[in-house]
2 protein chains.
Amino acid sequence: MSASQFSTKQRILGAAETLFAQHGFAGASLRQVTNAANVNLAAVNYHFGSKDNLIEAVFRRRLDALNARRHAALSRVEAKPGASLEDALDAFIRPALELALDRHGGAAFMRMLARAYAEHDERLRTFLSDNYGHVLREFAVAFHRMLPHLAKEELYWRLDIVAGALTYTMADFGLIKRRAGTSESAHREYTVEHLVRFAAAGLRAP
Amino acid sequence: MSASQFSTKQRILGAAETLFAQHGFAGASLRQVTNAANVNLAAVNYHFGSKDNLIEAVFRRRLDALNARRHAALSRVEAKPGASLEDALDAFIRPALELALDRHGGAAFMRMLARAYAEHDERLRTFLSDNYGHVLREFAVAFHRMLPHLAKEELYWRLDIVAGALTYTMADFGLIKRRAGTSESAHREYTVEHLVRFAAAGLRAP
DNA sequence: CTATCCTTCAAACGTTCGTTTGATACGGAG
DNA sequence: CTCCGTATCAAACGAACGTTTGAAGGATAG
């Protein structure tokens, strides 16, 4: 039963991701997590030190890769002459949507991320900003270059809102099965395009 | 100190709204709430019966009025010949935005509502659907009439996502001060227009 | 073999949670 | 005045929380 192809650490991370998405960080207890992962209660503190550290580890496992892919995609866009706002938004959205549609817990992680956005928790915001803020700042610079008429302050809170709305939307997309008869790649292309237009409209508003 | 122009019940509701918005339903304890409201701990269970009932009461206090105003606005739109999708969205968005910009805790409530959306909690969804679902269904019917080419299933989850994204966005709007030199009504008009366009684009997408 | 390190385990730690209790004060109604 | 329903209070209830402890495996190195 407790046997799984995954290590204790990985099983804890997976169960935590699912339960945090379902009940929130305060609402999901370590006893729920360790029961779902079929590991001893003390294993969390042994491997991660504390519940807060576990939360950060769950983020890290996914965001390291997501941020790297976003950075790479933005670099490709910036190397291209005549890149549009839509290209930059695509670089931001596509890696996240691929993560949301990933079959190995991607949807759960996206829902967890959406909750984190809604929580406005100071500790979490600091952690995310410290570890992943630099890529977001790269995007902000790119957007600023593409929307020169927009004041920096205005741009920043628009980005905050657009990113939040996108995250919320992608979290829900992960819950919904695509229409029968549509291939996965077609579904993804359709959704990316839809989200890019939606975000561009929000950023370009007067 | 404990003296206030408001009754015990009202002070509990106000403090709960603020703290639920800040720390979530699981994260805010009744001891925090009763301390902030300057009332005895037992007062919550005396006046409301349980923490869950308190949560529902906090929703009820705002949503009764919000739903009534949305219903009235939609009725006006439907009485008007040649009403557009944008008119219906206006009827949906304007009352909510006015609530979000209300100075007496409206912003806190909107943040709480956004968290509730992100939580996907079954009990809360049932409560909201049972008590306020009929107005949302009126809007769904109106939108269906205005978007006949869209299958019902497709429309429903688009509405779910659009409503969530709008709620999230309005929750953040409540946190941000309007630009200096802009009147409150101008700020509201600008924002409503922006949100309506944004939502219409999401619903009209192919 | 023994020694060592990493991991797992049951049990307990002190704290905080939502809820309940029983006493006390107050304020009209009879 | 007494009576009675409403409201508030300090105190306690059992349950659940995150965390710590110390002992017991189990593999590897000498």
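Only heavy atoms go into these numbers, but all of them, side chains included; no hydrogens, no water, no symmetry mates. Chain identifiers are assigned alphabetically (A, B, ...) following the order of the sequence lines, protein sequences preceding nucleic acid strands; residue numbering begins at 1 within each chain.
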Q: Nearest nucleotide by nearest heavy atom, which residue falls closer to the 5' end of DNA chain D, Ala43(B) or Leu41(A)?
A: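 Counting from the 5' end, the first nearest nucleotide belongs to Ala43(B).
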
Q: Tell me the interatomic distance from Asn38(B), atom CG, to dA10(D), atom C1', rounded to whole angstroms.
A: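 So the CG-C1' distance, Asn38(B) to dA10(D), works out to 16 Å.
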
Q: Assign each of Arg31(A) and Val39(B) to its nearest nucleotide of DNA chain D by heavy atoms, then name whichever residue's nucleotide is nearer the 5' end.
A: Val39(B)

Q: Which nucleotide in the list dA10(C), dT19(D), dA10(D) gets nearest to the side chain of Asn40(A)?
A: dA10(C)

Q: Just compare dT19(D), dT19(C), dC9(C) and give me whichever is closest to any side-chain atom of Leu30(B).
A: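 Minimum distance to the Leu30(B) side chain belongs to dT19(C).
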
Q: Using whole Å, report how far CD1 of Ile55(A) lies from C1' of dC17(D).
A: 14 Å

Q: What is the distance, rounded to the nearest whole Å, between atom NZ of Lys9(A) and atom C1' of dC6(C)?
A: 12 Å

Q: May I have the distance from Asn35(B) (atom CG) to dC9(D) (atom P), rounded to whole angstrom?
A: 12 Å

Q: Any idea how Tyr132(B) and Phe127(B) line up, ring-wise: parallel (<30°), tilted (30 to 60°), or perpendicular (>60°)?
A: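 Perpendicular: the ring planes of Tyr132(B) and Phe127(B) meet at over 60°.
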
Q: Quickly work out the Lys51(A) NZ to dG18(D) C1' distance and round it to whole Å.
A: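 Atom-to-atom, Lys51(A) to dG18(D), this comes out as 8 Å.
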
Q: Can you check whether His47(B) has a side-chain N or O nearer than 4.0 Å to OP1 or OP2 of dT8(D)?
A: yes

Q: Hey, is the side chain of Thr8(B) poking within less than 4.0 Å of OP1 or OP2 on dT8(D), counting only N and O atoms?
A: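 Yes, because at least one side-chain N or O of Thr8(B) sits under 4.0 Å from OP1 or OP2 of dT8(D).
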
Q: Please check this pair: side chain of Arg70(A) against backbone of Phe92(A), looking for a donor-acceptor N/O pair closer than 3.5 Å.
A: yes

Q: In this structure, how many angstroms lie between the C1' atom of dA16(D) and the CG atom of Leu19(A), rounded?
A: 16 Å

Q: Measure from CZ on Arg11(B) to P on dT8(D) and round the result to the nearest Å.
A: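 Taking atom P of dT8(D) as the reference, CZ of Arg11(B) is at 8 Å.
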
Q: Specify the separation, in whole Å, of atom CZ of Phe48(A) and atom P of dT7(C).
A: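 The answer, rounded to whole Å, is 12 Å.
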
Q: Donor-acceptor check, side chain of Arg62(A) to backbone of Met110(A), threshold 3.5 angstrom: yes or no?
A: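 Answer holds: no.
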
Q: Reckon Ser29(B) has a side-chain N or O less than 4.0 Å from the OP1 or OP2 of dC17(C)?
A: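 Yes.
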
Q: Run the numbers on Leu159(B) and Leu203(B) for side chain to side chain contact (heavy atoms under 4.5 Å, CB included), then give the verdict.
A: CA-CA 8 Å; Leu159(B) 282 179; Leu203(B) 291 179; 4.0 Å; yes

Q: Side chain of Tyr46(B): nearest nucleotide among dT6(D), dG18(D), dC6(C)?
A: dT6(D)

Q: Compare every heavy atom of Thr169(A) with every heavy atom of Ala165(B), then report the nearest pair and how far apart it is.
A: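 In terms of heavy atoms, the two residues are closest at CB-OG1, 4.1 Å.
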
